[in-house]
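This report refers to the structure that appears directly beneath it.
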Amino acid sequence: METAEYIQMENQYGAQNYKPLNVVLSRGEGVWVWDIGGKRYMDCLSAYSAVNQGHCHPKIRATMVAQSQKLTLTSRAFRNDQLAPFYQELCELTNSSKVLPINSGAEAVETAIKVVRKWGYRIKGVPAQQAEIIVCANNFHGRTVTIVGFSSDADARNDFGPFTPGFKVVPFGDIGALEEAITPNTVGFLVEPIQGEAGVIIPPDGYLKQAKAVCQQNNVVLILDEIQTGLGRTGRLLAEEHEGIEADMTLVGKALAGGFYPISAVLSNHEVMNVLQPGEHGSTFGGNPLACAVARTAMRVIKEENMIENSDRMGEYFRTGLQQIDTQLIKEIRGRGLLIGVELHAEAGGARKYCEKLQSAGILCKETHDNIIRFAPPLVINKEQIEWALEHIDKVFSA
Ligand SMILES: *Cc1c(COP(=O)(O)O)cnc(C)c1O
């Protein structure tokens, strides 16, 4: 079948909730993917940072195959021999004390919301039904009704109400606004350390450190959504390390299983997790042995193959190279590690057009909002591959 036929078939039978580039991929290895015609591309999106370890990582694949031949799903009605080691290894990796495993990022966010609300009622002493959670403008935390209810993106939100009450929105990066929004009923502050979907927006230096202090002073649980920024993406295991803090709750997902399997987790080093009792939360697939086995190997290779350090060094190298491109089109280049945002001037006519030109040049990127292109290749990328990418990016932007 040809590309056009796949596209036609997709459009005929599928819900149109995405607007993908017109490339039909059939194979991947490391930083590279191939389309059905055999053309090779560098993947500079990494499935929104879910394939940090590179496509079809051989060790993760071996675990996936081996575990799928042994045991895949028990439900949590019974125990399985992968769950406990997964807990321990994830706690040791992230310096956490408790884990709650679930499937998608949005479910991890929902889980955190439930847990902090219950903590608010049972431990903090918030009156029934009054718990408030503070979130930031331009956040992205997923697609459930509760989550889109506190989104400031009209497309994400419009026509999907009525929404869950109990959320307050403050500007991202503004510590005064956070302090002002806190009331005796505030139970949590949910924030991304760097806003990925908003266009790789980095808060002012010290913001997270101050947010941590403000939360502590007011007995509010600081919940960091590291679903995109975590697991090496920003050149640290968790982006919170850039500010030398530890969140009370941390959400991870995406790269937790290296792109092989949907798994996410809520991590806690706070009394908050202990409020959950049997029967109050769960998921049929959450903590299944296939997910746990795959995640164990996916975590192990991040460390074993020095992907965090590589992300730090290669991110620096990539950003420096991008800065040197001689063009009037680029307004700003920003990022940490291999989470890089290139903001174009409004006069450039939109990022989509450049994503399509990059596609022709053999680089796959996705625009975020109208004028921003995110470059987030797998963390296994090397210098030579970055030089290859820069050469092609340069041609697109200086043409
Ligand atoms: C992707 C993402 C989510 C949602 O994850 P899903 O697995 O798509 O539900 C939540 N928060 C952040 C910061 C994300 O980047």
Side-chain angles (χ1 to χ4, degrees), residues 3-4 6-8 10-11 14-25 31 33 35 37 39-49 137-140 143 151-159 171-173 192 194-203 228 315 317-336 338-377 381 385-399:
T3 300
Y6 280 102
I7 293 169
Q8 192 277 329
E10 225 182 277
N11 291 344
Q16 312 259 315
N17 55 329
Y18 279 92
K19 191 187 166 204
L21 289 178
N22 286 331
V23 58
V24 181
L25 302 173
V31 301
V33 288
D35 72 12
K39 179 172 171 177
R40 189 184 75 163
Y41 304 85
M42 182 179 285
D43 182 0
C44 280
L45 182 66
S46 305
Y48 300 96
S49 297
N138 303 316
N139 66 70
F140 183 83
R143 299 293 197 169
S151 169
S152 39
D153 176 349
D155 291 341
R157 187 188 152 87
N158 286 356
D159 292 335
F172 181 61
E192 299 155 84
I194 295 172
Q195 290 188 322
E197 295 311 300
V200 191
I201 310 296
I202 303 171
Q228 184 161 159
Y317 189 64
F318 203 162
R319 271 177 281 132
T320 306
L322 288 167
Q323 304 281 4
Q324 283 159 4
I325 295 176
D326 185 18
T327 173
Q328 303 294 312
L329 299 167
I330 296 176
K331 184 175 167 195
E332 191 184 38
I333 293 158
R334 52 182 179 252
R336 290 226 202 284
L338 283 166
L339 182 59
I340 300 169
V342 173
E343 182 164 353
L344 306 181
H345 285 291
E347 303 82 69
R352 175 79 182 197
K353 186 170 81 182
Y354 295 94
C355 289
E356 286 166 4
K357 288 183 182 184
L358 287 165
Q359 178 193 339
S360 308
I363 296 174
L364 294 180
C365 292
K366 190 72 169 67
E367 75 278 9
T368 165
H369 295 274
D370 290 340
N371 295 317
I372 304 159
I373 304 176
R374 176 174 28 200
F375 289 91
I381 197 165
Q385 291 163 337
I386 290 176
E387 279 159 10
W388 178 90
L390 286 168
E391 200 178 297
H392 289 82
I393 296 166
D394 186 291
K395 273 186 207 144
V396 166
F397 284 108
S398 52

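None of the values given here were measured: they were computed from a predicted structure.
- The CG atom of D35 sits 12.5 Å away from the CZ atom of R40 when rounded to the nearest 0.5 Å.
- Using modelled atom types, one finds a donor on one side chain and an acceptor on the other under 3.5 Å when comparing E197 with Q228.
- Taking 4.5 Å as the limit, every side-chain heavy atom of F140 sits out of range of all side-chain heavy atoms of T368.
- No more than 12 heavy atoms of other residues, nucleotides or ligands shown are found within 6.0 angstrom of CG on D159.
- Scanning both residues, C365 and I373, for their nearest heavy atoms gives CB-CG2, 3.7 Å.
- Atoms CD1 and CZ, from I340 and R374 in turn, are 12.0 Å apart once rounded to the nearest 0.5 Å.
- In this structure, S46 contributes its side chain and A376 its backbone to a donor-acceptor pair below 3.5 Å.
- Here the shortest heavy-atom pairing between I202 and R336 reads CG2-NH2, 3.4 Å.
- At a threshold of 4.5 Å between non-hydrogen side-chain atoms, the residues L364 and L25 count as touching.
- Heavy-atom neighbours of R157 CZ from other residues, nucleotides or ligands within 6.0 Å: above the threshold of 12.
- Counted within 6.0 Å of NZ on K331, heavy atoms from surrounding residues, nucleotides or ligands total 12 or fewer; the atom is thus considered open.
- Here the CG atom belonging to L329 is positioned 6.5 Å from the CG atom belonging to L344, to the nearest 0.5 angstrom.
- Using a 4.5 Å heavy-atom cutoff, the side chains of W388 and V31 are not in contact.
- Separating the NE2 atom in H369 from the CD1 atom in I201 is a distance of 8.0 Å, to the nearest 0.5 Å.
- The shortest distance between side-chain heavy atoms of R334 and E343 falls below 4.5 Å.
- Taking a 6.0 Å sphere around CG of N11, one finds it holds more than 12 heavy atoms contributed by other residues, nucleotides or ligands.
- T3 and N22 get closest at one heavy-atom pair: CG2-O, 4.2 Å.
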Next on the checklist: For E192 and N139: C-alpha separation, side-chain torsions, deciding distance, then whether side-chain contact (heavy atoms from CB on, under 4.5 Å) applies.
Outcome noted: CA-CA 7 Å; E192 299 155 84; N139 66 70; 3.7 Å; yes
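- Looking at every heavy atom in both residues, A156 comes nearest to S151 through CB-OG, 3.8 Å.
- Looking at heavy atoms from C-beta onward, R352 lies in side-chain contact with L21 at the 4.5 angstrom threshold.
- Side-chain N or O atoms of K366 include none that pairs as donor or acceptor with a backbone N or O of Y48 at under 3.5 Å.
- Shown here for Y41 and I363, the closest heavy-atom pair between the two residues is CD2-N, 4.3 Å.
- Rounding to the nearest 0.5 Å places CD1 of I393 at 14.5 Å from NZ of K357.
- Two residues are said to be in side-chain contact when any heavy atoms from C-beta on lie closer than 4.5 Å; P377 and Q385 fail this criterion.
- Looking at heavy atoms from C-beta onward, I372 lies out of side-chain contact with V200 at the 4.5 angstrom threshold.
- Within the 4.5 Å cutoff, side-chain heavy atoms of Y317 are placed close to those of E387.
- When every heavy atom of T327 is checked against every heavy atom of F397, the shortest pair comes out as OG1-O, 3.0 Å.
- Judged purely by distance below 3.5 Å, without hydrogens or angles, the side chains of E367 and Y354 never pair a donor atom with an acceptor atom.
- By the 6.0 Å contact criterion, CD on Q328 is open, its count of non-hydrogen atoms from other residues, nucleotides or ligands being 12 or less.
- One finds the CD1 atom of I381 at 10.5 Å from the CZ atom of F375 (value rounded to the nearest 0.5 Å).
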